[in-house]
Amino acid sequence: MRKLAGLLFIVLFYSACKFNDGNKTTLPIYGNRDAVTKTVDGKTVVDTVYQTIPPFNFINQYGDSITEKSVKGDIYVADFFFTTCPSICPVMHRNMLKIYNDFKNVSDFKILSHTIDPKHDSVEVLKKYADKLGVSGNTWWFLQGKKAETYQLGEKNYLIAVKQDDGAAGGYVHQGWFVLVDKQRRIRGYYDGTDEKQVDKLIADIKTLRTETDEQIAQ
Amino acid sequence: MKLKIITLSLILLTMIVSCQSQDQLEFKRYYTSGSLIYQQRCQNCHGKNGEGLSALIPPLTDSVFLAANKQKLACFVKYGLNTEVVINGKKFEDQMPATDLTPVELAEVLTYVTNSFGNKMGTISAEQVNAHLQQCR
């Protein structure tokens, strides 16, 4: 009996610790930051301005225009791919499908997959790709736009390398990163989309990010 | 006399056993090398468990299809696939890229695939692959 009580105590103690840890978890904020001095109510305050994803304009697989306003108040995951990609894209989207299935009924979550081959990946091609993947509704958008804008967004803002290289398999070099972006369009995490373990971490981090309160967000 | 029969049957038995283990040894060699090739060249698309990807990439679990197309498998992997296939009753129409695998490597990876994911077709040898490759269209 005593032994049992001791065991119970240990279990309780351990779970209490874990619970505390869970509460403390916050995700880092990536990118450059600036200190800005502002005057609020006659007082001078120093505020931190974080790097954010700038306004954008793309077309999704339904032919709808998607801008930064379409993800207002949403957490989203972004990646770069092309439908004829023979190398890492299938494994990336097999993993992304897991994320999609976990969060497809969550209203404040989106996935933005940018094609880096807009010449081939027309709206029709993207729609067909989404259908075959088993994606419907408005949680996961496959985005098409001007090539230069997509590349710029990838390299300058999401900070991932994408470029055309006719020597590479499929003609493009790109990295399989999934980028986690919060409701203020700040980057909160990078995950290797070809690695199942990192994708599980991303799923956990999305859950953490969804519990962030407005107060924490304002900091 | 009795001793002779016993000795003879013992020799026979040893021969059979060693023959079998020769075959098994060859199978294991093909299968192990094939597993590595699969990880490097096939797994991204077809998945760790040969599960494929939705309606985009077919799974490798259709034993009936594999058995019926045994002579064509080497051609599919070497030259890619551009025609529609029906796997587990579902249509797949996207193309599979060609590879630069040698006949031995093709035999190894095919032995792996046709004896994994619930399939059990035995060894596909390099000799068989060479013969099958002659018939590619």
Side-chain angles (χ1 to χ4, degrees), chain A residues 61 79 81-101 104 111 113 115 117 120-122 124-137 139-140 142 166-178 192-200, chain B residues 34-62 65-66 73-102 105-106 109-110 112-113 116-118:
Chain A
Q61 72 267 37
D79 78 334
F81 85 113
F82 56 109
T83 60
T84 52
C85 167
S87 53
I88 58 174
C89 303
V91 67
M92 282 168 70
H93 280 178
R94 181 180 298 115
N95 287 332
M96 194 70 101
L97 206 54
K98 204 162 138 191
I99 300 169
Y100 168 78
N101 284 324
K104 64 182 169 190
I111 300 170
S113 286
T115 174
D117 184 13
H120 176 272
D121 293 344
S122 60
E124 297 78 50
V125 170
L126 291 176
K127 175 68 168 58
K128 212 166 180 189
Y129 181 82
D131 287 347
K132 283 184 187 168
L133 201 58
V135 172
S136 58
T139 297
W140 190 348
F142 298 87
D166 295 330
Y172 295 88
V173 173
H174 72 126
Q175 303 166 327
W177 294 107
F178 290 168
D192 181 349
T194 63
D195 182 344
E196 256 177 90
K197 281 198 193 102
Q198 291 210 22
V199 172
D200 288 340
Chain B
S35 139
L36 284 174
I37 298 169
Y38 183 83
Q39 281 170 33
Q40 289 161 2
R41 309 296 292 270
C42 316
Q43 188 168 301
N44 267 344
C45 290
H46 288 289
K48 205 161 61 185
N49 304 308
E51 73 271 30
L53 178 58
S54 305
L56 283 166
I57 296 159
L60 303 174
T61 54
D62 189 341
F65 177 91
L66 291 175
L73 297 178
C75 302
F76 292 165
V77 179
K78 186 169 168 68
Y79 297 110
L81 199 54
N82 237 333
T83 50
E84 190 183 287
V85 286
V86 178
I87 306 289
N88 290 338
K90 283 203 281 183
K91 266 191 217 168
F92 292 87
E93 54 180 25
D94 289 281
Q95 79 179 64
M96 172 162 106
T99 62
D100 54 2
L101 295 178
T102 63
E105 289 171 326
L106 287 171
V109 79
L110 287 175
Y112 176 74
V113 168
S116 302
F117 323 130

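Naming: A, B, ... by sequence-line order, numbering from 1 per chain. No experiment lies behind these values; they were computed from the predicted model shown.
- One distance of note links NE2 of A:His93 with CG of B:Leu56; it measures 10.0 Å at 0.5 Å rounding.
- Closest approach of A:Arg94 to B:Gly47, counting heavy atoms only: NH2-N, 3.3 Å.
- Heavy atoms closer than 4.5 Å to chain A are found nowhere in B:Gln95, neither backbone nor side chain.
- Between A:Pro90 and B:Asn44, the closest heavy-atom pair is CB-O, 3.5 Å.
- Atom NZ of A:Lys128 is surrounded by 12 or fewer heavy atoms from other residues, nucleotides or ligands within 6.0 Å.
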